[in-house]
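First comes the structure, then the notes that go with it.
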Amino acid sequence: MSTTPNPAAAQTFMVVATVRDDTNFAEFAALRDDEQKQLEMLRSDGRIGAHYVSPARRATFIEVIAADEKQVAETLATLPFARFFDVDVYPTTPPDAAEAAHRARS
């Protein structure tokens, strides 16, 4: 069964994730390649959009495309780095016409 969201039912969520204070950074670094591979797989499945990192704030911002917050949590749980972050999930409004056209070209 595919977990790729149905485009008609999907919406976007902005996930703000901050690194926990008790993070083992050696373990974190060892999983970096696995994290990147999983992000690429999720991106190709249409489950992840934009992804930004703010090292100075120990935070990452991930656009997740999903039907609901439960599906967002399921997507995030597949990421090797998930256990190192505290997350806040924000539902977002649909993209405006210009953003929708840009996404269609991508």
- Which heavy-atom pair separates Ala77 from Ala82 by the least distance, and what is that distance? CA-CB, 4.4 Å

- Taking every heavy atom of Gln71 against every heavy atom of Ala66, the minimum-distance pair comes out as OE1-CA, 3.1 Å

- Query: Do Phe81 and Phe28 have ring centres separated by under 6.0 Å?
  - Reply: yes

- Message: Between Thr23 and Val19 (side chain of the first, backbone of the second, donor and acceptor by atom type, cut-off under 3.5 Å), is there such a pair?
- Response: no

- Query: For the side chain of Arg58 and the backbone of Arg20, is there at least one donor-acceptor N/O pair under 3.5 Å apart?
  - Reply: yes

- Message: Could you walk me through whether Val64 and Thr12 satisfy the side chain to side chain contact (heavy atoms under 4.5 Å, CB included) test, starting with their C-alpha distance in whole Å, then the side-chain angles of each, then the deciding distance to 0.1 Å, before giving a yes or no?
- Response: CA-CA 6 Å; Val64 178; Thr12 59; over 6 Å; no

Kindly compute the distance separating [atom1] ([X]) from [atom2] ([Y]), expressed to the nearest 0.5 Å.
| X | Y | atom1 | atom2 | answer |
| --- | --- | --- | --- | --- |
| Phe61 | Thr18 | CZ | OG1 | 9.5 Å |
| Asn24 | Phe84 | CG | CZ | 6.5 Å |
| Leu76 | Thr78 | CG | OG1 | 7.5 Å |
| Phe13 | Thr75 | CZ | OG1 | 10.0 Å |
| Asp34 | Gln38 | CG | CD | 9.0 Å |

- Item | salt bridge (charged side-chain N to carboxylate O under 4.0 Å, His left out) between Lys37 and Glu40, worked out | CA-CA 5 Å; Lys37 287 175 187 171; Glu40 285 304 316; over 6 Å; no

Is it possible for you to say whether [X] and [Y] belong to one hydrophobic cluster, with membership spreading through side-chain heavy-atom contacts below 4.5 Å?
| X | Y | result |
| --- | --- | --- |
| Ile48 | Tyr90 | no |
| Tyr52 | Met14 | yes |
| Val87 | Val72 | yes |

- Item | Candidates Val53, Leu79, Val16 - the one meeting side-chain contact (heavy atoms from CB on, under 4.5 Å) with Ile62 | Leu79

- Could you tell me whether Arg57 atom CZ has more than 12 heavy atoms of other residues or ligands within 6.0 Å of it? no

- Message: I'd like to check Arg83 versus Glu27 (side-chain heavy atoms, cut-off strictly below 4.5 Å). Are they in contact?
- Response: yes

- Task: Kindly indicate whether the side chain of Thr92, heavy atoms from C-beta on, has any atom under 4.5 Å from the side chain of Gln11.
- Result: no

- Query: Do the charged groups of Glu63 and Arg47 touch, with an N to O distance under 4.0 Å?
  - Reply: no

